[in-house]
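Chain A is the first sequence line, chain B the second, and so forth, proteins listed ahead of strands; every chain is numbered from 1.
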Protein chains: 2
Amino acid sequence: MRIGELAARTGVSVRALRYYEEQRLLVPERTPSGQRVYPENAVDRVRMIQHLYAAGLPSRSIEPIMPCVASGEVTPELLERLRAEQRRIEERIDDLVRTRDRLDSMINAASVYEGRTCPR
Amino acid sequence: MRIGELAARTGVSVRALRYYEEQRLLVPERTPSGQRVYPENAVDRVRMIQHLYAAGLPSRSIEPIMPCVASGEVTPELLERLRAEQRRIEERIDDLVRTRDRLDSMINAASVYEGRTCPR
DNA sequence: CTTGCCTCTGACGTCAACGTGAGGTTTTAG
DNA sequence: CTAAAACCTCACGTTGACGTCAGAGGCAAG
């Protein structure tokens, strides 16, 4: 699969895929003429990368994880890293839940005043 | 309270507080000589701003919310905006939960191989 | 009164995750 | 064989939330 097809199938831009290679998150093979060639499972790897980005992980944190996503093999250090990132994600979740609840009580409190004008 | 004390009490930098003013998230009074003077409740407002930033809201989304946080009064449009942001936060939460679960199964699957070497 | 710390206003720098051309090559369709 | 579409490598631009430095003014203590 060439870069355009992978982009179409994952919904990310061609530029983003080249950026992932630059960050060594997803390094494709090359044809003799230099064109990138991705294997079938690259689709899943791109989706994984997107999810990790969405979880707030920077490239630097994703990079050491990805080579093992494919192989299924792992060192104890990497395992610890995975658990650490998982803890950070859970903290983010808790944080978001608290903010959501805060917004909730704001909305409830505000509803009392429905119809009044917000000074600005 | 002057800017240095507010920074110390909230843990955000002086630069950040000036930035919040630039974005009109927290506009202080001024002494005749031009120094910023914040009221006591600015501490809570700064924390609220931080929570909303942490929830992924940009300044533009926070700005129309803040003047009403203080007053407790609100327009129907603002109420809708609050609910919209709340929905977006819930989507982010769901996304994070899914990513956490994915990490979880990765960790479980990887634990099987504990002791093997990760090719690099 | 001056020393030292805090504050002020610009204004340029940073970092991440790409966007957006420029200018040239490769692959594919007819 | 040719033209269009896809691809390549630089390399500069963008956005958001600040960091950082320069140069100048304000203020309590000794």
Separation of B:His51 atom NE2 from D:dA17 atom C1', in whole Å?
18 Å

Closest heavy-atom pair and its distance - A:Arg81, A:Pro64
NH2-CB, 3.6 Å

Integer-rounded Å distance: D:dA17 C1' and B:Leu17 CG:
13 Å

Side-chain N or O of A:Tyr20 closer than 4.0 Å to phosphate OP1/OP2 of C:dC18
yes

What is the per-nucleotide protein-contact pattern of nucleotides 24-30 of chain C, from the 5' end, where B denotes a base atom under 4.0 Å from a protein heavy atom, S denotes such proximity for sugar-phosphate atoms only, and - denotes neither?
--SS---

Could you name each residue pair satisfying ring-ring contact (aromatic ring centres under 6.0 Å, His included) that touches residues 18-53 of chain B, not counting sequence neighbours?
B:Tyr20-B:Tyr53

CD of B:Glu63 versus P of D:dG16: gap in Å, rounded?
14 Å

Rounded to the Å, how far apart are B:Arg24 CZ and D:dA17 P?
15 Å

May I ask whether B:Leu57 and A:Val97 are part of the same hydrophobic cluster, defined by side-chain heavy atoms of I, L, V, M, F, W, Y residues being less than 4.5 angstrom apart, directly or through others?
yes

Taken to the nearest whole Å, OH/B:Tyr53 to C1'/D:dG16 is 8 Å

Could you work out, with side-chain contact (heavy atoms from CB on, under 4.5 Å) as the rule, every residue matching A:Pro39, not counting sequence neighbours?
A:Asn41, A:Ala42

It should be established whether A:Tyr19 places a side-chain nitrogen or oxygen under 4.0 Å from OP1 or OP2 of nucleotide C:dC18.
no

Contacts of B:Asp95 meeting side-chain contact (heavy atoms from CB on, under 4.5 Å) (sequence neighbours excluded), chain-then-number -> A:Ala54, B:Arg98

Could you check whether any side-chain N or O of B:Thr10 sits under 3.5 Å from a backbone N or O of B:Leu6, counting only pairs where one atom can act as donor and the other as acceptor?
yes

Nearest whole Å is fine: how far is C:dA17 P from A:Ile49 CD1?
11 Å

Scan for salt bridge (Lys or Arg N to Asp or Glu O under 4.0 Å) pairs involving residues 99-108 of chain A, sequence neighbours excluded, and state none if there are none.
A:Arg100-B:Glu90

Kindly state which residues belonging to residues 84-92 of chain B come within less than 4.0 angstrom of DNA chain D, counting heavy atoms of the residue only, listed by number.
none

Quick note, salt bridge (Lys or Arg N to Asp or Glu O under 4.0 Å) partners involving residues 26-35 of chain A, not counting sequence neighbours, are A:Glu21-A:Arg30

So which atom in B:Leu96 and which in A:Ile89 form the shortest heavy-atom distance, rounded to 0.1 Å?
O-CG2, 3.8 Å

Taking only residues two or more places apart in sequence or in another chain, which ones pass side-chain contact (heavy atoms from CB on, under 4.5 Å) with A:Glu40?
A:Met1, A:Arg9

Given that A:Gly4 and B:Pro58 both sit by DNA chain D, which one's nearest nucleotide is further toward the 5' end?
A:Gly4

So if I take residues 5-14 of chain B and measure heavy-atom distances to DNA chain D, which residues fall below 4.0 Å?
B:Ser13

Side chain proximity check, B:Ile65 to B:Met48, heavy atoms < 4.5 angstrom:
no

In this structure, how many angstroms lie between the P atom of D:dG16 and the CD atom of B:Gln50, rounded?
18 Å

The criterion is side-chain contact (heavy atoms from CB on, under 4.5 Å); which residues satisfy it with A:Ser33, sequence neighbours excluded?
A:Thr31, A:Gln35

Any protein N or O atoms within reach of nucleotides 9-12 of chain C? Criterion: under 3.5 Å, listing atom names and distances.
from	atom 1	to	atom 2	distance (Å)
C:dT9	OP1	B:Arg30	NH1	3.0
C:dT9	OP1	B:Arg30	NH2	3.2
C:dT9	OP2	B:Arg36	NH1	2.9
C:dT9	OP2	B:Arg36	NH2	2.7

Rounded distance (Å) that lies between atom P of D:dC27 and atom CD1 of B:Ile3:
16 Å

Evaluate the side-chain proximity of B:Arg24 to B:Met66: yes if any heavy-atom separation is below 4.5 Å, no if none is.
no

So ring-ring contact (aromatic ring centres under 6.0 Å, His included) across residues 77-96 of chain A, not counting sequence neighbours, yields none

